[in-house]
Undergrad: 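Structure incoming, see below.
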Amino acid sequence: MKKFIHLFLATSIAAGTLTACHQEPTTTSEPKAATAEVQSNGKPVIYQVLPRLFGNTNPTNKPWGTIEENGVGKFSDFTPKALQEIKALGADYIWYTGSLHHAVVRDYSAFGISNDDPDVIKGRAGSPYAVKDYYSVNPDLAEDPARRLEEFKALIERSHDAGLKVIIDIVPNHVARNYQSLAKPEGVRDFGVDDDTRVAYARDNNFYYVPGEPFQVPVAEDGYQPLNGEPHPLIDGAFKEVPAKWTGNGSRAPQPAQGDWYETVKINFGVRPDGSHDFAELPADFAQKDYRAHAAFWADKDVPSSWKKFREITDYWLAFGVDGFRYDMAGMVPVAFWSYLNSSIKMQKPDALLLAEIYQPDLYRDYVHLGKMDYLYDKVGTYDAIRAVMEGKAGTDPLVDIQESLSGIEDNMLRFMENHDEQRIGSPEFAGNPEAGKPAMVVSATISGAPTLLYFGQELGEPGAGDAGFGKASRTTIFDYWSVPTIRRWNNEGQFNNEKLSESEKSLRDFYAKLLTFSRQSPALTGEYRDLHRYNREQGQNYTDKLYSFARWSDDERLLVIANFADSDATTTLQLPTALIEEWQLAPGKYTLTNQLTQGSLEMVVADDLSAQLPLTAPALAGQILKVTP
């Protein structure tokens, strides 16, 4: 959903949304933010998976194929054995992407569900981010669609039994054009049913409107046809919506462009079309107050209708057994709303994990301190910088400044090298080699105390090959009925073992299991941090900008991390500053450093003046975590 962010920022509605409750960015010398309560058991690992694809063992993979042709995964495919193996990778949380009932091109009218129009759906299976019913789950994923909520409840219970907490998506910025909840609790009103559609904006309207203008389907570009031109009774180049609503990415045109999020409509959070807002503003000092104070602030405030509706939604899913939420495009929604919603969630479930997709670094501190988010995407900083190194477009030097810029919130920044929006590491369009992800993931998983995200199939080197229909090669499709070849082999008829994996796939999965298991258990990785890269670029021997290094430590553990992004071994002598040796309270002498990811050890010498050197060979496309043994 991120590729249209620049279009959104160009609209005046964005200005109001992004400036509401905005404070000037805090300097990098600020105190570290309070560690989120969800970190109480260490550094979390989140395993992201699309149920639609995970259990599908049908190898057909016909572009634009139907369920009958290509198959579909089910909630029931997450057996105790499958969940046990995901847990064994080191996962604490499992994020079931696409579980909510979103628009799909499939006839479920026998279950009382209205048919969705392919003219306003992306793909055949539909986007997980065009939610049609917030109080139900995708009928595609149930063995019996009539009992789909029962089946999802059972999946949550199996996940908990396996020691995994459950995350689902909440998509506050937009909903499907054909939103209609069949499963909403008594007293809950659907989005838009009480709107005054005669005006473009009213505070308690859930949508924005183009009064007097009917919605028009976008003009097709590049030969695009819904369902690739296949006949369908609802495909007629039209969709009845009078008056037209603003489109999800902020387009106000009654006929959005093909590149707009035309399958969705934008939610109104009390931000007027001129960017001003219709809700109470949080006092600036609330950046230093906890969620209890935020909840108390909102207790007597009159807030827009959409705010209340999303609070009803999260209340419902918390009671259902969900342990946290990933918020789609959270940066397009006012910070004040997040204070209202997240403080409500934390009052009910203090350890709920709240993760925001956001791509505006100047807003990071607001969304942590004022918005009460536990974690934010570190995409435009760490991910983009590491990717540039992997692609040979840059060296590692920019990573130092990026980490410094995150001072105080570094433990709130989710690290990842793949997710459903990003290209697969193994795809030719990215690195073309899953081994290139090893140094990247060592750095991502150890540079802070924030969670690490692993996207299903990443641990097997999945390349995301093949155009699925609406979804294209390099990103595993989220729009089509499809299956994932590496996951199919690992599934192995429900055994979920290595029997059908290649040697390289087995080795890669073993690497991820060791790295993530170590990272979630290591006390040093939720402790202190010191950059070693800049010092070694100035003082080191044969230390290039394809290497990257830092130290992590706690009272009981001292680690050196060094990664080599080059495709050849590097022999260097790592220089350790005296300040670090003093911090570690090491006396002059020799120390053994053991590698936590592979067998082997190194010897470090601390001189009488407390300078220290570590001669080492950094293997190509690898990372080392070296633990100091007194």
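All values below come from the heavy atoms of this structure, side chains included, with hydrogens, waters and symmetry mates left out. All residue numbers in this chain count up from 1 along the given sequence. Here the structure is a predicted model, which means the values were calculated and not measured.
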Undergrad: Parallel, tilted or perpendicular: which one describes the rings of Phe54 and Phe456, with boundaries at 30° and 60°?
TA: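 It falls in the tilted class, 30° to 60°.
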Undergrad: Any side-chain donor-acceptor pair under 3.5 Å between Tyr455 and Thr476?
TA: no
Undergrad: Would you confirm whether the ring centroid of Trp490 sits within less than 6.0 angstrom of the ring centroid of Phe496?
TA: yes
Undergrad: Indicate yes or no: does Lys308 engage Glu312 in a salt bridge with an N to O separation below 4.0 Å.
TA: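 Salt bridge: no.
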Undergrad: Establish, from distance only, whether the side-chain atoms of Glu462 and Thr486 form a donor-acceptor pair under 3.5 Å.
TA: yes
Undergrad: Which label fits Phe152 and Phe75: parallel for a plane angle under 30°, tilted from 30 to 60°, or perpendicular past 60°?
TA: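 Aromatic pair Phe152/Phe75 classed tilted.
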Undergrad: I'd like to know if Lys165 pairs up with Asp351 as an ion pair, taking the criterion as any Lys NZ or Arg NE/NH1/NH2 lying under 4.0 Å from an Asp or Glu carboxylate oxygen.
TA: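 Yes, charged N to carboxylate O under 4.0 Å.
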Undergrad: Can you say whether the rings of Tyr316 and Tyr135 are parallel (under 30°), tilted (30 to 60°) or perpendicular (over 60°)?
TA: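 Taking Tyr135 first and then Tyr316, their aromatic rings stand perpendicular (interplane angle over 60°).
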Undergrad: Taking atom types as modelled, find out whether Thr594 and Gln596 have a side-chain donor-acceptor pair closer than 3.5 angstrom.
TA: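 Yes - a donor-acceptor pair under 3.5 Å links their side chains.
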Undergrad: Specify whether Phe269 and Phe337 have parallel, tilted or perpendicular ring planes, treating 30° as the upper limit for parallel and 60° as the lower limit for perpendicular.
TA: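 Tilted: the ring planes of Phe269 and Phe337 meet at 30° to 60°.
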Undergrad: Over 60° means perpendicular and under 30° means parallel, so classify the ring planes of Trp307 and Tyr340, tilted if in between.
TA: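 Geometry flag for Trp307 against Tyr340: tilted rings.
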Undergrad: When you check the gap from the basic side-chain N to the acidic O, do Asp411 and Lys43 get nearer than 4.0 Å?
TA: no
Undergrad: If we ignore angles and hydrogens, is there a donor and acceptor under 3.5 Å between the side chains of Ser305 and Asn206?
TA: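 Asn206 and Ser305 do have a side-chain donor-acceptor pair below 3.5 Å.
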Undergrad: For Asp133 and Arg148: C-alpha separation, side-chain torsions, deciding distance, then whether salt bridge (charged side-chain N to carboxylate O under 4.0 Å, His left out) applies.
TA: CA-CA 13 Å; Asp133 185 348; Arg148 56 193 182 277; 5.3 Å; no
Undergrad: State the CD-OH distance between Glu410 and Tyr529, to the nearest 0.5 angstrom.
TA: 9.0 Å
Undergrad: Using the side-chain hydrogen bond (donor to acceptor under 3.5 Å, both in side chains) definition, which of the options Asn419, Asp169, Thr97 pairs with Arg326?
TA: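 Per the side-chain hydrogen bond (donor to acceptor under 3.5 Å, both in side chains) rule, the option paired with Arg326 is Asp169, out of Asn419, Asp169, Thr97.
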